Structures are given as structure tokens and as C-alpha cells.
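Down below is the structure, laid out as C-alpha cells.
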Amino acid sequence: MSYRMVYFRIRTEGYASGWSSEAAETAFREESRRLFQGSGWTVQAGGNGSSDTVTRDRQDLYLHPDSFSGVMEESGIEPLREQLAEAGTFRCYAVDRYEEYMDMSDEEYRAALEAKRDEITAFVLEQCKTRRSNLYITAPIAVPIAERFEIHRLCDRGKHNEVGIRFMTELVDGLLRRGRLRSAETPRGRGIRTATAAELKKLPQPAEQVDGQIDMISDGEAQNSGSVKKKKGKNLDKSR
């Protein structure tokens, strides 16, 4: 079953960055509640200026007068849009679909990341290269790398990708222990960088050439070693 982050864009009578009257707000709330309750959704009333939330099974939508947003089954998006067309206090003029969400356990998520260990390792080593051996990256790397390879899960909303961050932290620690990454104290704190070809040659493991750099391969990583195209994005902080 596929789930999707979705926004039902709506225009609501009597609302433009704020309600024109209490009567307009009441009419909107009553009608939106009636439409969703009639389709088996449960309403959780908003309070202190917040809007209602409706839930059904693993689905939830926040009913703001500008958009109804949340995660729901992809197969139910169009039927709901047709149902919203019956409304009188608001009009749904567009539906935007965003990232897919998976119904996946922690163990399944970990296994999916393990299957990409070689790809992730290559990405980490590429991101942590510096122009000189006295330059180090002092910005945290586990979180942005976890975001790069994140799998959105239904159970993970609000948990800040704990499984992914833990996996990336352990992977980086392992690369440091094996000498594929180097660390040192800098004026901006502890920093890391990818080991140079000369440094790798001094390690006791066998070596092979990968993308112009000597890359150390452990017994468990000897298969499917490859490179990943560097993704454009945030620049990592590099310090002497």
C-alpha cells in the first residue's frame, strides 16, 4: 500500500490570511467536519487558533482553510478530491503530491540501508575529500548524509530519522577506525577528512584504485564497490 504526502489546495469563503467573521469560520469547520466524518474519518478538534485534524487508519490531514495537508493512501486521493467538490464554503482547486511514505519497521529500514552500504560509503568518502591534508570538515555529517539516503516512513514522522542517523554515525565511526577517514582537532573543533592515497598505502589492508583515489576495501566490502555522483547541496564547513 502506497502513502503520499499530499496538499489539497483550497480557497475558503471568508478567509484571506485570517477570518472575516466568526460565522465564516464556524460554517467552514462544520462543513469540513461533516464531509470527513461521512467518509469514516475521525475529527480531532483544533484549539487555541489551530485547525482541526482528521485521521483514518494510518492517514491524517490537517484542515487549514488554505489547504488540507498530511499523509494518506495514494489510492484515496482522487476519491477525496471528488468528495471535496461537494463543499459550499470552500473550493479545492489543486492537489499537490510530494514524497512517498513507506510502512516499514526499524529492522526493515536498517536492512535497506545495509543494502546500500557500499554506495553510502562512496558518497561519504567523496563528500569528505579536502584539497589538502591539513584541511578538515568540522560541520556534522551524519545528519545531512542520513537525509540524503532517508526513506520516509509512516512510523518515523516526528522522530527525526533516528534509525538513519544512527546508521550513518556508526558507518562514519567504522571508517575512522579503519583509517579511511582521518580526524584531528581544529580551531573550530573536531574535524574529519578522507584519507589521502599516501595515508592509505601505509595501512595494512589491500588497496584498489577507485575514481582516481586509492580506496581501502575490507573483506566484507569487496563486492560491488562503486562510486556515487556527488549531489549538489549544502557546503560542508572545512577548517584547517
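On a predicted model such as this, the values are computed, not experimentally measured, just so you know.
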(request) Under the side chain to side chain contact (heavy atoms under 4.5 Å, CB included) rule, what do I192 and R182 come out as? Steps first, then yes or no, please. (result) CA-CA 5 Å; I192 65 172; R182 295 299 178 99; over 6 Å; no
In terms of hydrophobic clusters joined by side-chain contacts under 4.5 Å, are [X] and [Y] together?
| X | Y | result |
| --- | --- | --- |
| I77 | Y98 | no |
| M104 | I165 | no |
| Y101 | M72 | no |

(request) For residues 33-53, pull every pair meeting salt bridge (Lys or Arg N to Asp or Glu O under 4.0 Å), keeping only residues two or more places apart or in separate chains. (result)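 Pairs touching residues 33-53 that pass the test: R29-D52, R33-D52.
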(message) Suppose the criterion is salt bridge (Lys or Arg N to Asp or Glu O under 4.0 Å): which pairs have a residue in residues 161-170, not counting sequence neighbours?
(response)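 The answer is R110-E170.
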In plain terms, say whether [X] and [Y] are close enough for a salt bridge, that is, a side-chain N and a carboxylate O under 4.0 Å apart.
| X | Y | answer |
| --- | --- | --- |
| R97 | E78 | yes |
| D103 | R153 | no |
| R190 | E185 | yes |

Answer yes or no: is there a side-chain heavy-atom contact under 4.5 Å between [X] and [Y]?
| X | Y | value |
| --- | --- | --- |
| L61 | V6 | yes |
| V163 | D156 | no |
| V54 | D60 | no |
| E150 | Y109 | yes |
| V71 | R4 | no |

Side-chain donor or acceptor of [X] paired with backbone N/O of [Y] under 3.5 Å:
| X | Y | result |
| --- | --- | --- |
| R180 | L125 | no |
| R193 | N134 | no |
| Y15 | D66 | no |
| E31 | A87 | no |
| S67 | S69 | no |
| R11 | R91 | no |

(message) Between T53 and Q44, does the side chain to side chain donor-acceptor pair (under 3.5 Å) criterion hold? Intermediate values first, please.
(response) CA-CA 5 Å; T53 298; Q44 298 175 3; 5.2 Å; no
[atom1]/[X] to [atom2]/[Y] distance, rounded to the nearest 0.5 angstrom?
| X | Y | atom1 | atom2 | result |
| --- | --- | --- | --- | --- |
| I137 | Q127 | CD1 | CD | 7.5 Å |
| S50 | L63 | OG | CG | 11.0 Å |
| T186 | L135 | OG1 | CG | 10.0 Å |
| I151 | E108 | CD1 | CD | 10.0 Å |
| E73 | Y3 | CD | OH | 4.5 Å |
| E114 | R117 | CD | CZ | 4.0 Å |

(request) Under the salt bridge (Lys or Arg N to Asp or Glu O under 4.0 Å) rule, collect the residues that match up with R177, sequence neighbours excluded. (result)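 In terms of salt bridge (Lys or Arg N to Asp or Glu O under 4.0 Å), with neighbours along the sequence ignored, R177 is linked to no residue.
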Looking at [X] and [Y], what are the two nearest heavy atoms and their distance?
| X | Y | value |
| --- | --- | --- |
| S51 | P65 | OG-CD, 3.8 Å |
| T196 | S133 | CG2-CB, 4.2 Å |
| L181 | V124 | CD1-CG1, 4.3 Å |
| C155 | R58 | N-NH2, 4.3 Å |
| L113 | G164 | CD1-CA, 4.0 Å |
| C92 | L84 | CB-CB, 4.4 Å |

(request) Hey, can you tell me if W19 and F28 have their rings parallel, tilted or perpendicular (30° and 60° cut-offs)? (result)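 It falls in the tilted class, 30° to 60°.
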(request) Mind checking side chain to side chain donor-acceptor pair (under 3.5 Å) for Q37 and listing every partner two or more places apart, or none if nothing turns up? (result)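 Q37 satisfies side chain to side chain donor-acceptor pair (under 3.5 Å) with no other residue.
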(request) Show the numbers, then the answer: is there a ring-ring contact (aromatic ring centres under 6.0 Å, His included) between F123 and F149? (result) CA-CA 10 Å; F123 182 80; F149 292 93; 5.5 Å; yes
(message) Using the side chain to side chain contact (heavy atoms under 4.5 Å, CB included) criterion, which residues pair with T42? Sequence neighbours excluded.
(response)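 Scan of T42 (side chain to side chain contact (heavy atoms under 4.5 Å, CB included), adjacent residues dropped) gives T55.
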(request) Kindly check if the number of other-residue, nucleotide or ligand heavy atoms within 6.0 Å of OH (Y7) is above 12? (result)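 No.
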(request) State whether the number of non-hydrogen atoms from other residues, nucleotides or ligands found under 6.0 Å of E13 atom CD is greater than 12. (result)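 At most 12 heavy atoms, drawn from other residues, nucleotides or ligands, come within 6.0 Å of this atom.
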(request) Check whether the ring centres of F68 and F90 lie less than 6.0 Å apart, and answer yes or no. (result)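 Between F90 and F68, which both carry aromatic rings, the centre distance is below 6.0 Å.
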(request) Begin from the C-alpha positions of Q83 and L35 and carry the test side chain to side chain contact (heavy atoms under 4.5 Å, CB included) through to its verdict. (result) CA-CA 8 Å; Q83 180 182 350; L35 283 170; 4.1 Å; yes
(request) List the steps, then state whether side chain to side chain contact (heavy atoms under 4.5 Å, CB included) holds for L80 with S39. (result) CA-CA 9 Å; L80 180 55; S39 297; 5.7 Å; no
(request) Show your working on side chain to side chain contact (heavy atoms under 4.5 Å, CB included) between T194 and T130 and close with a plain yes or no. (result) CA-CA 7 Å; T194 299; T130 57; over 6 Å; no
(request) May I ask you to list the residues sharing a hydrophobic cluster with Y93, side-chain cutoff 4.5 Å, ordered by chain and number? (result)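 Other cluster members: none.
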